[in-house]
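Positions are given from 1 along the sequence. Whatever order the structure lists them in is the order used to number ligands and atoms, beginning at 1. Please read all numbers here as calculations on a predicted model, not as lab measurements.
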Amino acid sequence: MTDIKNPVIDTNLVAEHNAQQQADLQADYEALGGMLARRGVDIEKLTALAGTFAVAVPSWGAGTGGTRFARFAGRGEPRNVFEKMEDCAVINQLTRATPAVSLHFPWDRTDDPAALKEIADGYGLGFDAVNSNTFQDQQGQDHTYKYGSLSAQSGAARAQAVQHNIDCIELGQKLGSKALTVWVGDGANFPGQNNLRGSLERYLDSMRDIYGALPADWNVFIEHKLFEPAFYATVIADWGTSFAAATELGPKAKCLVDLGHHAPNTNIEMIVARLAQFGKLGGFHFNDSKYGDDDLDSGSINPFQLFLVFNELADAAERAKSGATDFNPAYMLDQSHNVTDPIESLMSSAVEVQRAFVQAALVDRNALRAFQESNDVLNAAQTLKKAYRTDVSAILAMARVRAGGAADPVAAYRSSGYRDSAAERRPAKAGASSSGIV
Ligand code: AOS
Ligand code: ZN
Ligand code: ZN
């Protein structure tokens, strides 16, 4: 069991909750174990594997999100990075699947990174990739990003955006991060607004400066997105451009796949396979969507797609193992919670991503290969479905309980009364939101 020095939720409450669930969980676990044993699968191995899973929580996801129409504030929302960390601590304490937080600057900027790190340590939290923000202007900023940031025509705006990214790296270093994620909204709303090639050339020049400031053990993740806020042409619109940019920059530059950043029906698992094949898969922003960059909870719309993504990741991990190479993409959530309690959404989303990870490990890869080689299409497809249809909930719950988390994180959270106490402790700041349209 991983000990957390300063747990936010009373550990007795978690223990009581687990004791109440114990008999049912044990029965479900044994039934599943028996079924898996008949398939030649050892449930204990899968439970141990589930315990290794980790996905980072986005600090901005702890606040209620919004759309371009409105934001309906939630009760007890975090008002600063320290309160966001407290919420993230709850998520990890109960799920034991989110031991790191991905910060976003300047939203989460602090003058006292040492204090932030110390608090995070107490919660048992580390820091994953830090995110820069040049998609909105900040108060008192000299040059606007209205017409772009890293690719802007204005050299002064570009220099300011480069410097902001370098500042993010420096702050991230103090916190123990090892990567910078760069997403820019740069692009054009009208044909003719920008020279399409010139914009990418300027973006690359700026990124070269940022790349040059990366510490030796850091990576930079390039996040592509089809459209929004640019509605005609986005500078880093797709994985092809992202791949070209990452290749141009060098080995420390990799591509980040946000599941919501593609045209509807895009075969995202194939993008994952391609990037993994060429050593450029840096990480993920997990979420789900129906139409565009909806930032819905992971697995809420298309859980089969999430499973197929993890099926490619499992394949890539197996290949890396046999080739004795490294394969370690960063897993992060990037969601906007408009109508749910963000803590509940982030906990259940982390569990959904973990579920896909475990289901992918259930795929009988030898059988799949044999069916593929003999062109037994139906059985190849059924091999994937068999793993996907297996309800691994008891494995996930058992892994949580063994690690000190809650059998049912949402139920335990609700019974803790955390949201009520947060609402009392954190009266809303009028008109303020450090999260926003994502
Ligand atoms: C924007 O659409 C992206 O998903 C970025 O990852 C962004 O930095 C994040 O969503 C916070 O706004
Ligand atoms: Zn994202
Ligand atoms: Zn997005």
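- Stacking of Lys385 on the aromatic ring of Phe304 is recorded, both the 6.0 Å distance cut-off and the 45° axial limit being met.
- Lys117 forms no cation-pi arrangement with Phe127, by the criterion of a distance under 6.0 Å to the ring centre and an angle within 45° of the ring axis.
- Distances from the Zn ion (ligand 2) under 2.8 Å pick out these protein N/O/S atoms: Glu223 OE2, Asp258 OD2, His285 ND1, Asp334 OD2.
- Remark: Tyr413 engages Asp341, Arg419 in a side-chain hydrogen bond (donor to acceptor under 3.5 Å, both in side chains) (not counting sequence neighbours).
- Atom CG of Asp315 sits about 4.5 Å away from atom CZ of Arg319, to the nearest 0.5 Å.
- Using modelled atom types and a 3.5 Å distance limit, the side chains of Asn133 and Arg109 yield no donor-acceptor pair.
- Residue His104 approaches ligand 1 through these ligand atoms, each under 4.0 Å from one of its heavy atoms: 7 (C), 8 (O), 9 (C), 11 (C).
- In Phe221, neither the side chain nor the backbone holds a heavy atom less than 4.0 Å from any atom of ligand 1.
- Remark: the Ser345 side chain and the Gln335 side chain contain no N/O donor-acceptor pair separated by less than 3.5 Å.
- The ligand atoms of ligand 1 that sit less than 4.0 angstrom from a heavy atom of His285 are 6 (O).
- Between the His337 side chain and the Gly63 main chain, no donor and acceptor come within less than 3.5 Å of each other.
- Listed for the Asp186 side chain is a donor-acceptor partner under 3.5 Å among the backbone atoms of Ser149.
- Under 4.0 Å from ligand 1, not a single heavy atom of Glu228 appears.
- For ligand 1, the atoms closer than 4.0 angstrom to any heavy atom of Asp258 are 4 (O).
- Crowding of Arg414 atom CZ: a count of heavy atoms from other residues, nucleotides or ligands under 6.0 Å not exceeding 12.
- Residue contacts with ligand 1 for Asn131 are absent, since no atom lies close enough (heavy atoms, distance under 4.0 Å).
- With ligand atoms numbered from 1 in the order given, ligand 1 contributes 2 (O) to contacts under 4.0 Å with heavy atoms of Asp293.
- Near Phe135, meaning under 4.0 Å from any of its heavy atoms, are these atoms of ligand 1: 8 (O), 12 (O).
- In this structure, a donor-acceptor pair under 3.5 Å is absent between the side chains of Asp128 and Ser102.
- Interface atoms of ligand 1 facing His261, defined by a heavy-atom separation under 4.0 Å, are 1 (C), 2 (O), 3 (C), 4 (O).
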